[in-house]
Amino acid sequence: MKKLQRLSLFFIMLIAIGSLSSCKALKQFLSTDLEDEDFIIGQLYADEYYDEPAFKPQTPPAGSTQPTHRNNTNGGTGIILNDKDNEKLYAVIDRWFGTPYLYGGCSTSGIDCSCFVDKVFSEVYGITLHRTASDIQKDVTLISRNQLREGDIVFFTNSNGKVSHVGIYLKDDLFAHSSTSRGVTVSQLSNTYWNAHFYKGGRHKKVTTKY
């Protein structure tokens with residue numbers, strides 16, 4: 001009887017918060033212990049599924065000698081670098097590029113957005129961040145979109161209005177993140193979905209850049 005009551009409560013919550021954008025959350029819920037109320041709360045802050053197009057690497061101009069990072073295993077970002085770019089940042093992102101998305105995951109077998117950002121920050125800048133997208137806000141000073149520079153963190157909200165997704169700003173409107181549909185990839189802030197869900201940028205005081 002208790003489980004039926006919890007199911008009824010969960011369905012009411014889903015309708016109230018508009019979480020039925022896909023069946024993924026529902027299937028995950030039904031496969032868990034119905035006594036685990038943390039799962040229900042977690043859905044408020046879970047990354048939403050967004051089927052975005054694959055990132056297309058830039059094509060260097062004819063005769064260009066500018067370096068690009070392209071890992072032979074997964075393709076890498078292929079982003080053209082200049083003398084201001086942090087090559088270590090791009091190299092670390094390249095190693096993760098193509099890793100599948102996994103909610104709560106934190107390894108090369110599957111990784112979510114907040115762990116990806118933390119892993120990159122740890123290796124590139126020697127910085128440890130909070131574990132969740134929402135809590136990472138505590139590690140940074142929030143800034144506006146027009147202030148973004150390499151190494152800043154970008155925050156996004158889901159349909160519930162909660163900060164649920166993070167990435168690392170690179171340059172030229174591009175940011176790296178672990179996408180629900182593409183895994184670790186690079187996307188454009190001007191993309192219709194990311195533009196609509198962008199919340200704030202965040203700058204850590206220990207991150208330096210030539211920009």
Side-chain angles (χ1 to χ4, degrees), residues 17 19 21-22 24-25 28 38-39 41-55 74-77 79 89-125 127-143 145 148 150-171 173-204 207:
I17 63 178
S19 294
S21 56
S22 76
K24 187 177 181 180
Q28 186 177 358
D38 288 340
F39 176 81
I41 302 301
Q43 294 313 298
L44 287 169
Y45 297 91
D47 295 356
E48 293 179 332
Y49 184 84
Y50 167 55
D51 189 10
E52 65 177 308
F55 174 67
N74 53 32
T77 63
I79 294 175
L89 172 63
Y90 286 87
V92 172
I93 291 172
D94 273 357
R95 291 206 303 271
W96 285 98
F97 196 90
T99 300
Y101 174 87
L102 177 64
Y103 180 56
C106 204
S107 72
T108 53
S109 297
I111 193 167
D112 64 19
C113 64
S114 54
C115 183
F116 167 69
V117 172
D118 178 55
K119 290 283 190 182
V120 174
F121 263 61
S122 177
E123 186 166 351
V124 178
Y125 305 114
I127 296 170
T128 299
L129 302 172
H130 278 77
R131 181 61 184 87
T132 67
S134 181
D135 283 346
I136 288 176
Q137 294 178 90
K138 301 174 184 177
D139 300 316
V140 299
T141 298
L142 295 179
I143 58 175
R145 182 167 170 173
L148 290 173
E150 181 190 82
D152 286 339
I153 297 174
V154 283
F155 296 91
F156 303 88
T157 58
N158 58 19
S159 60
N160 303 314
K162 306 293 185 180
V163 171
S164 63
H165 193 71
V166 288
I168 303 170
Y169 186 77
L170 301 175
K171 62 175 182 176
D173 199 48
L174 300 174
F175 69 100
H177 64 131
S178 183
S179 160
T180 50
S181 59
R182 295 289 175 183
V184 176
T185 187
V186 174
S187 302
Q188 290 187 308
L189 283 177
S190 56
N191 169 283
T192 302
Y193 180 86
W194 300 118
N195 182 62
H197 289 269
F198 179 83
Y199 172 60
K200 291 282 187 179
R203 181 167 299 160
H204 196 285
V207 172

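Treat the numbers as computed from the prediction; the structure is a model and nothing was measured.
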Which pairs would a plain distance check flag for residues 163-170, meaning a side-chain donor or acceptor within less than 3.5 Å of a matching protein atom at least two apart in sequence or in another chain?
| unit_1 | atom_1 | unit_2 | atom_2 | d |
| --- | --- | --- | --- | --- |
| His165 | ND1 | Asp47 | OD2 | 3.4 |
| His165 | NE2 | His177 | ND1 | 2.8 |
| Tyr169 | OH | Asp173 | N | 3.0 |

Those residues that, when tested against Tyr125, pass ring pair (Phe, Tyr, Trp, His ring centres under 6.0 Å) (two or more places apart)
Phe121
Separation between CG of Asp152 and CZ of Arg203, rounded to the nearest 0.5 Å
4.0 Å
In Å and rounded to the nearest 0.5 Å, what is the OH to OG1 distance from Tyr49 to Thr180?
6.5 Å
Do Asp94 side-chain atoms and Thr77 backbone N/O form a donor-acceptor pair below 3.5 Å?
yes
Kindly give the heavy-atom pair with the smallest separation between Cys115 and Gly105, and that separation in Å.
CB-O, 3.6 Å
Shortest non-hydrogen contact between Phe97 and Thr185, atoms and distance:
CE1-CA, 3.7 Å
Donor-acceptor side-chain pairing of Ser178 and Asp112 below 3.5 angstrom
no
To the nearest 0.5 Å, what is the distance between NZ (Lys200) and OG1 (Thr157)?
12.0 Å
Quick check with a 6.0 Å cut-off and a 45 degree axis cone: is Arg145 positioned over the face of Phe198's six-membered ring?
yes
Heavy-atom pair with the smallest gap, counting every atom of Arg182 and Glu52
NE-O, 2.9 Å
Minimum heavy-atom distance Asn191-Pro53, with the two atoms named
ND2-CD, 4.4 Å
Measuring from Lys119:NZ to Trp96:CH2, what's the distance to the nearest 0.5 Å?
5.5 Å
Residues forming a ring pair (Phe, Tyr, Trp, His ring centres under 6.0 Å) with His204, sequence neighbours excluded
none
Between Phe156 and Leu189, does a side-chain contact (heavy atoms from CB on, under 4.5 Å) hold up when you go through it step by step?
CA-CA 10 Å; Phe156 303 88; Leu189 283 177; 3.7 Å; yes
From CA spacing to verdict: side-chain contact (heavy atoms from CB on, under 4.5 Å), Leu129, Ile153:
CA-CA 11 Å; Leu129 302 172; Ile153 297 174; 4.0 Å; yes
I would like to know whether Phe116 and Tyr101 meet side-chain contact (heavy atoms from CB on, under 4.5 Å); could you show each step before the answer?
CA-CA 10 Å; Phe116 167 69; Tyr101 174 87; over 6 Å; no
Determine whether Leu148 and Phe175 make a side-chain contact, defined as any pair of heavy atoms from C-beta on separated by less than 4.5 Å.
no
Closest approach of Gln137 and Tyr199, non-hydrogen atoms and distance?
OE1-CE2, 3.4 Å
Show the numbers, then the answer: is there a side-chain contact (heavy atoms from CB on, under 4.5 Å) between Phe55 and Ser187?
CA-CA 6 Å; Phe55 174 67; Ser187 302; over 6 Å; no
Between Leu89 and Val120, the two heavy atoms sitting closest are CD1-CG1, 3.6 Å
Could you state the interatomic distance from NZ (Lys171) to OH (Tyr90), rounded to the nearest 0.5 Å?
5.0 Å
Between atom NE2 of His130 and atom CG of Asp139, what is the distance when rounded to the nearest 0.5 Å?
5.5 Å
